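Structure first, then comments.
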Amino acid sequence: MNTLHFRRTAVAVATAAVLPLALTACSSGESKDAAAGSTPSAVASTSASADDSMTMDEPFGPACSSVPKEGAGSFDGMAKDPVATAASNNEELSTLVAAVQQAGLVDTLNNAENITVFAPTNDAFAKIPKADLDALLADKAELTKVLTYHVVGEKLTPKQLDKGSFDTLEKSKLTTAGSGTEYTVNDSSKVVCGNVPTANATVYIVDTVLMPPK
């Protein structure tokens with residue numbers, strides 16, 4: 001009896017000693033597997049966040065490549081000037097600048113705070129028949145209405161353009177749609193160089209002049 005009892009006790013003690021070690025090893029293996037499994041997704045998430053951040057912070061679009069690398073017309077140069085002055089240093093916006101001067105809106109735009117300007121290129125204005133463009137430039141009230149329709153009273157990030165509707169200084173709404181680095185305004189005008197900073201505004205250069213609703 002004593003021998004049998006001793007053997008049972010020894011087996012019980014051995015089992016009690018081995019079981020925690022087995023559980024620890026199993027738990028350790030699972031933790032390593034879990035850690036290994038979570039690492040790729042964590043890296044992917046961090047990488048995606050970095051990509052999103054880069055997109056949000058930097059100008060984007062095909063026309064951005066034509067912006068000078070240095071000087072007043074560069075991105076760094078434009079960031080130092082208020083929006084109307086900054087636009088005057090970009091050759092692709094010379095028609096817009098002339099229209100802003102014609103309408104007497106230079107000071108209005110330069111003195112505004114935290115605005116967004118959808119700035120039509122020279123080619124955008126060239127899409128308007130010459131007779132119609134000449135008539136628009138000669139009508140200060142109508143010209144002011146068209147130009148202020150391109151201005152929103154807040155700084156808009158690219159993310160806000162995904163599916164947006166915004167009040168303009170002209171008092172009508174414009175809409176935006178898109179994702180990543182491709183956006184349209186009012187379903188017709190494409191952003192060709194977006195998220196351009198100036199001292200008081202964010203600029204989205206567009207390929208079509210926006211016309212306010214009648």
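All residue numbers refer to positions in the sequence shown, counting from 1. Note that the structure is a prediction, hence the values are computed from the model and not measured.
Across all their heavy atoms, Gly73 and Pro68 have their closest contact at O-CD, 3.6 Å. Leu96 and Ala119 make their closest contact through CD2-CB, 3.5 Å (heavy atoms, listed as atom of the first residue, atom of the second, distance). Minimum interatomic distance between Glu154 and Gln160 (heavy atoms only, all atoms of both residues): OE1-NE2, 3.8 Å. Nearest heavy atom pair, residue Leu156 against residue Thr202, reads O-CG2, 3.9 Å. The minimum heavy-atom distance linking Cys193 with Val196 is given by the pair SG-CG2, 3.8 Å. Nearest heavy-atom pair across Leu109 and Ala84 is CB-CB, 4.3 Å.
By the criterion of side-chain heavy atoms lying less than 4.5 angstrom apart, applied directly or through intervening Ile, Leu, Val, Met, Phe, Trp or Tyr residues, Val192 is grouped together with Val67 in one hydrophobic cluster. Both Val83 and Leu143 belong to a single network of hydrophobic side chains, linked directly or stepwise wherever heavy atoms of I, L, V, M, F, W or Y lie under 4.5 Å apart. Taking hydrophobic clusters as Ile, Leu, Val, Met, Phe, Trp and Tyr residues chained together by side-chain heavy-atom distances below 4.5 Å, Val151 does not share a cluster with Val206. The hydrophobic clustering, which links ILVMFWY residues whose side-chain heavy atoms are closer than 4.5 Å, places Val97 and Leu147 apart. Put simply, Val152 and Ile115 are part of two different groups of oily side chains (I, L, V, M, F, W, Y) that touch within less than 4.5 Å, one to the next.
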### Residue pair Thr184, Val191: steps toward the side chain to side chain contact (heavy atoms under 4.5 Å, CB included) verdict
CA-CA 6 Å; Thr184 58; Val191 173; over 6 Å; no
### Task
Go through the steps to decide whether Leu105 and Thr144 satisfy the test side chain to side chain contact (heavy atoms under 4.5 Å, CB included), and finish with yes or no.
CA-CA 8 Å; Leu105 293 174; Thr144 298; 4.3 Å; yes
### Query
Under the side chain to side chain contact (heavy atoms under 4.5 Å, CB included) criterion, do Ile128 and Met211 qualify, and how do the steps go?
CA-CA 11 Å; Ile128 302 174; Met211 292 297 178; 3.8 Å; yes
### Query
Could you go step by step and tell me if Asn110 and Thr85 meet the side chain to side chain donor-acceptor pair (under 3.5 Å) rule?
CA-CA 7 Å; Asn110 276 348; Thr85 302; 3.1 Å; yes
### Query
Does the pair Val185 and Leu161 meet the rule for a side chain to side chain contact (heavy atoms under 4.5 Å, CB included), with working shown?
CA-CA 9 Å; Val185 186; Leu161 305 187; over 6 Å; no
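Between Lys130 and Asp134 there is a salt bridge, since at least one side-chain N of the basic residue sits less than 4.0 Å from a carboxylate O of the acidic one. Ion pairing between Lys173 and Asp167 holds under the 4.0 Å rule for side-chain N and carboxylate O.
Rounded to the nearest 0.5 angstrom, Lys80 NZ and Ser74 OG are separated by 7.5 Å. To the nearest 0.5 Å, atoms CG (Asp123) and CG (Asp207) are separated by 9.0 Å. Distance CD1/Ile205 to SG/Cys64: 6.5 Å, rounded to 0.5 Å. Rounding to the nearest 0.5 Å places CG of Leu210 at 3.5 Å from NE2 of His150. Atom CG of residue Asn200 and atom CD of residue Glu113 lie 8.0 Å apart, to the nearest 0.5 angstrom. Asn89 contributes atom CG, which lies 10.0 Å from atom CD of Glu91 (distance to the nearest 0.5 angstrom).
Side chains of Asp81 and Thr198: a donor-acceptor N/O pair is absent below 3.5 angstrom, by distance only. With hydrogens and angles left out, the side-chain atoms of Ser94 and Asn122 include a donor and acceptor closer than 3.5 Å. Donor-acceptor pairing under 3.5 Å is recorded for the side chains of Thr208 and Lys127.
Asn111 has its side chain out of reach of Pro82: every pair of non-hydrogen atoms, C-beta onward, lies at least 4.5 Å apart. Taking 4.5 Å as the limit, every side-chain heavy atom of Thr176 sits out of range of all side-chain heavy atoms of Lys163.
Tested against Phe118, the residues Tyr183, Tyr149, Tyr204, Phe166 include a single ring pair (Phe, Tyr, Trp, His ring centres under 6.0 Å) partner, Tyr204.
With hydrogens and angles ignored, the 3.5 Å screen pairs a side-chain donor or acceptor of Asn186 with a backbone N or O of Thr175. Between the side chain of Glu142 and the main chain of Asp139, no donor-acceptor pair closer than 3.5 Å is present.
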